[in-house]
Amino acid sequence: MSCPVPAAAGASALPRGAAAEGGQQSHEEDDRKVRRREKNRVAAQRSRKKQTQKADKLHEEYESLEQENTSLKREIGKLTDEMKHLSEVLKDHEKICPLLHCTMNFVTIPRPDALASCLPR
């Protein structure tokens, strides 16, 4: 805190115009400070809003990727089941297929002739 100055001492130290000018200058400084603070407040608010929007966008992208991941895992499961089924069908087929047991399969002749020679007549 500053010590109070008697009015008579203050009046004698500064001319009347200089005291009024100092008051106006102080008022302008205060106005500049207020405008700067307001500008900073608005900039900070804008920055927070931008960060929030960025976080929201990232969260939405994360959710979308999670859904896609779940869908792909489901598809992988279905394809795995299909592969197991087809492997079983192939094994069953190999047991009864005459072409797989034909000795002509190991001979290097054109394929259509090899197939015709192994087929039952």
Side-chain angles (χ1 to χ4, degrees):
M1 279 214 136
S2 61
C3 297
V5 178
S12 64
L14 290 174
R16 201 172 254 267
E21 193 176 297
Q24 187 174 358
Q25 191 176 20
S26 174
H27 182 68
E28 287 174 5
E29 273 185 38
D30 290 344
D31 284 350
R32 265 188 265 128
K33 285 181 183 178
V34 167
R35 284 194 302 269
R36 188 185 62 215
R37 285 184 186 141
E38 178 66 16
K39 185 178 176 182
N40 287 344
R41 185 187 67 75
V42 169
Q45 190 176 29
R46 198 178 314 122
S47 176
R48 284 190 300 272
K49 183 178 180 181
K50 189 176 178 181
Q51 286 294 97
T52 302
Q53 289 173 338
K54 194 175 182 180
D56 289 347
K57 185 178 178 182
L58 285 172
H59 183 70
E60 287 174 13
E61 187 176 344
Y62 167 80
E63 290 292 328
S64 174
L65 288 171
E66 281 293 317
Q67 288 177 354
E68 185 178 356
N69 190 30
T70 301
S71 174
L72 289 171
K73 284 182 178 182
R74 238 182 278 129
E75 186 177 351
I76 287 170
K78 289 178 183 177
L79 291 171
T80 302
D81 290 344
E82 183 180 2
M83 184 180 72
K84 287 177 185 175
H85 171 72
L86 291 175
S87 293
E88 290 174 14
V89 169
L90 178 62
K91 284 180 186 178
D92 292 343
H93 177 74
E94 286 174 344
K95 292 175 187 174
I96 61 170
C97 181
L99 295 178
L100 294 174
H101 302 295
C102 181
T103 57
M104 293 299 292
N105 281 338
F106 302 110
V107 178
T108 56
I109 57 174
R111 197 75 187 139
D113 292 338
L115 289 177
S117 67
C118 286
L119 291 176
R121 293 182 168 84

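Small disclaimer: the values here were computed from a predicted structure and weren't measured.
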**OP:** Using the test side-chain contact (heavy atoms from CB on, under 4.5 Å), find all partners of R35 that sit at least two apart in sequence or belong to another chain.
**Re:** D31, R32
Taking only distance into account, with no hydrogens and no angle test, what donor-acceptor pairs under 3.5 Å do side-chain atoms of residues 77-91 form with protein atoms, sequence neighbours excluded?
| from | atom 1 | to | atom 2 | distance (Å) |
| --- | --- | --- | --- | --- |
| T80 | OG1 | I76 | O | 2.7 |
| S87 | OG | M83 | O | 2.9 |

Atom pairs and distances, side-chain donor-acceptor, residues 50-63, under 3.5 Å, sequence neighbours left out:
| from | atom 1 | to | atom 2 | distance (Å) |
| --- | --- | --- | --- | --- |
| T52 | OG1 | R48 | O | 2.8 |

Subject >> Pairing residues for R41 by the side-chain hydrogen bond (donor to acceptor under 3.5 Å, both in side chains) criterion, not counting sequence neighbours >> reply: E38
Subject >> Set of residues satisfying side-chain contact (heavy atoms from CB on, under 4.5 Å) with respect to L72, sequence neighbours excluded >> reply: E68, E75
